[in-house]
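What follows is one structure encoded as structure tokens, with my remarks underneath.
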Amino acid sequence: MSAHAEPATAPTALGEPTTPVPRRWVAAVSIASVGSWSALFGPIQVLLALQAAQLAPHGKQAVFGLVTGLGAAVAVVANPVFGALSDRTTSRFGRRLPWVAASTVAGAASLVLLTWAPDVAAMALGWCLAQAAFNAFYAALAAAVPDQVPRTQRGVVSGWLGLAQTAGIVVGTALAALSGGITAGYLACAALALVSAVPYLAARRDIVLPRSQRPALRLRPFLASFWIDPRRHPDFAWAFATRMLMKLCNAMGTLYLLYYLQDQVRRTDAKTDVLVLTALYAAAVLGTAIALGTWSDRVARRRPFVTASGVVMAVAAVILAAWPTWPGAITAAVVFGVGYGGYASVDFALLTEVLPTAADRGKDLGVINIADSLPQVLAPAVAAPIVVHAGGYPTLYAVAAAFSLSGGVLVRRIRSVR
């Protein structure tokens with residue numbers, strides 16, 4: 001396809017796509033997603049925790065929480081801002097491709113910077129830059145879905161993207177745990193991010209926004225556009241709340257997993273154990289995400305899948321709280337994977353169906369993706385005091401279960417999606 005041509009799925013940049021996208025495009029988007037999620041979760045699951053312990057052995061929990069919290073705060077801002085900028089991009093290569101290319105390179109460079117970090121400040125700086133870059137990547141890539149994928153196909157595409165995130169967690173954790181050290185882990189994640197973006201960029205499938213349709217970029221209206229009034233768009237607000245609660249359960253369940261295995265379960269090789277649990281979790285997601293996404297498209301329903309998933313994820317958190325043993329952790333990983341697979345199968349599809357306007361898809365998805373990033377800020381703030389002062393890991397995972405159940409209930413308030 002020529003860089004100037006627009007795909008048949010959407011004849012105009014602001015049109016609603018009606019023709020299904022080809023499987024090769026879905027595969028390319030999924031592969032690119034695997035690389036970006038690997039580059040984020042390899043550090044989150046293993047490398048940042050190890051680096052915090054290396055730089056501050058007596059305050060590793062606080063340093064790890066500080067660095068991940070700062071990075072997540074950057075992500076909260078970066079995702080909607082870069083999404084809005086991609087909405088206004090009139091490059092001859094399209095609205096999204098230039099941002100995917102530039103952010104991939106910037107993200108890889110940020111991970112290389114982390115290998116050099118001599119102190120906590122440099123570590124925090126490197127991780128904030130990485131979060132900014134990979135959230136710019138995700139903002140552009142995610143917006144390509146409502147740009148090009150018809151609603152009748154979004155369930156299965158959502159399932160593949162959910163699976164890609166899970167695969168990214170597994171691959172990133174494996175690279176981080178098995179590469180031979182902190183430096184090698186960061187370099188491996190950076191290399192994968194670069195390589196995985198190539199098929200998507202090589203396809204050159206994007207939609208050009210004519211300059212005549214580009215909104216004016218004035219600072220005050222631009223900033224005001226990030227506020228989406230919940231009274232005018234209540235379904236958007238409920239979708240935001242649902243996603244934040246589900247992701248908060250996920251963040252609290254995984255953020256301190258390495259320390260949970262070390263300090264509560266008393267495992268001697270917790271780094272490898274995290275990889276084992278992540279692989280089991282991924283296998284369970286694989287068994288549910290695509291099948292349930294296809295089922296969701298067939299029955300044209302999203303909300304029941306979210307509600308059921310919230311219950312199953314809560315059960316997994318309760319298992320971690322009540323059964324702090326290696327068999328308990330294995331069981332929880334599988335149950336959590338089943339629940340999250342069901343959620344991932346419809347999450348993104350549901351979100352794309354409550355976006356207020358076609359002109360602001362990137363920005364609006366960026367706003368709702370705050371519900372993905374904000375839990376990474378809140379989780380350390382909530383989890384650290386609980387672990388240290390308010391009941392430890394059992395209380396932590398009980399609270400996580402409550403968040404998941406709440407998300408499963410609140411999704412019922414969305415009216416425009418069945």
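These numbers were taken from a predicted model, which means no experiment stands behind them. We number each residue from 1, following the sequence as shown.
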* Structure fact -> Sorted by chain and residue number, the ring pair (Phe, Tyr, Trp, His ring centres under 6.0 Å) partners of Phe336 (sequence neighbours excluded) come out as Tyr281

* **Minimum side-chain heavy-atom gap Asp273-Tyr260 below 4.5 Å** => no

* Asked: Can you tell me how far the CG atom of Leu277 sits from the CZ atom of Arg267, to the nearest 0.5 Å?
  -> 8.5 Å

* To do: Check whether more than 12 heavy atoms from other residues, nucleotides or ligands sit under 6.0 Å from atom CZ of Arg24, and answer yes or no.
  => no

* To do: Please examine the side chains of Val411 and Met246, heavy atoms only from C-beta on, and report whether any two atoms are closer than 4.5 Å.
  => no

* Asked: For Phe93, does its backbone N or O pair with a side-chain atom of Ser91 as donor and acceptor, under 3.5 Å?
  -> yes

* Drop me the distance from Leu320's CG to Tyr393's OH, to the nearest 0.5 angstrom. => 12.0 Å

* Distance from Leu97 atom CG to Asp206 atom CG, nearest 0.5 Å? -> 4.0 Å

* Once the angle between the rings of Trp25 and Tyr200 is folded into 0 to 90°, is it parallel (under 30°), tilted (30 to 60°) or perpendicular (over 60°)? -> tilted

* Count the heavy atoms of every other residue, nucleotide or ligand shown that sit under 6.0 Å from CH2 of Trp326, and state whether that count exceeds 12. => yes

* Give the minimum heavy-atom separation between Ala143 and Gly362, together with the two atoms involved. => CB-CA, 3.7 Å

* Will you find, in the side chains of Gln264 and Tyr397, an N or O donor that is under 3.5 Å from an N or O acceptor? -> no

* To do: Compare all side-chain heavy atoms of Leu114 with those of Met123 and state whether any distance is below 4.5 angstrom.
  => yes

* Asked: Counting only heavy atoms not in Trp99, do more than 12 fall under 6.0 Å of its CH2?
  -> yes

* **Pair Arg302 + Glu353, salt bridge at N-O below 4.0 Å** => yes

* **Tyr138: partners by ring pair (Phe, Tyr, Trp, His ring centres under 6.0 Å), with sequence neighbours left out** => Trp37

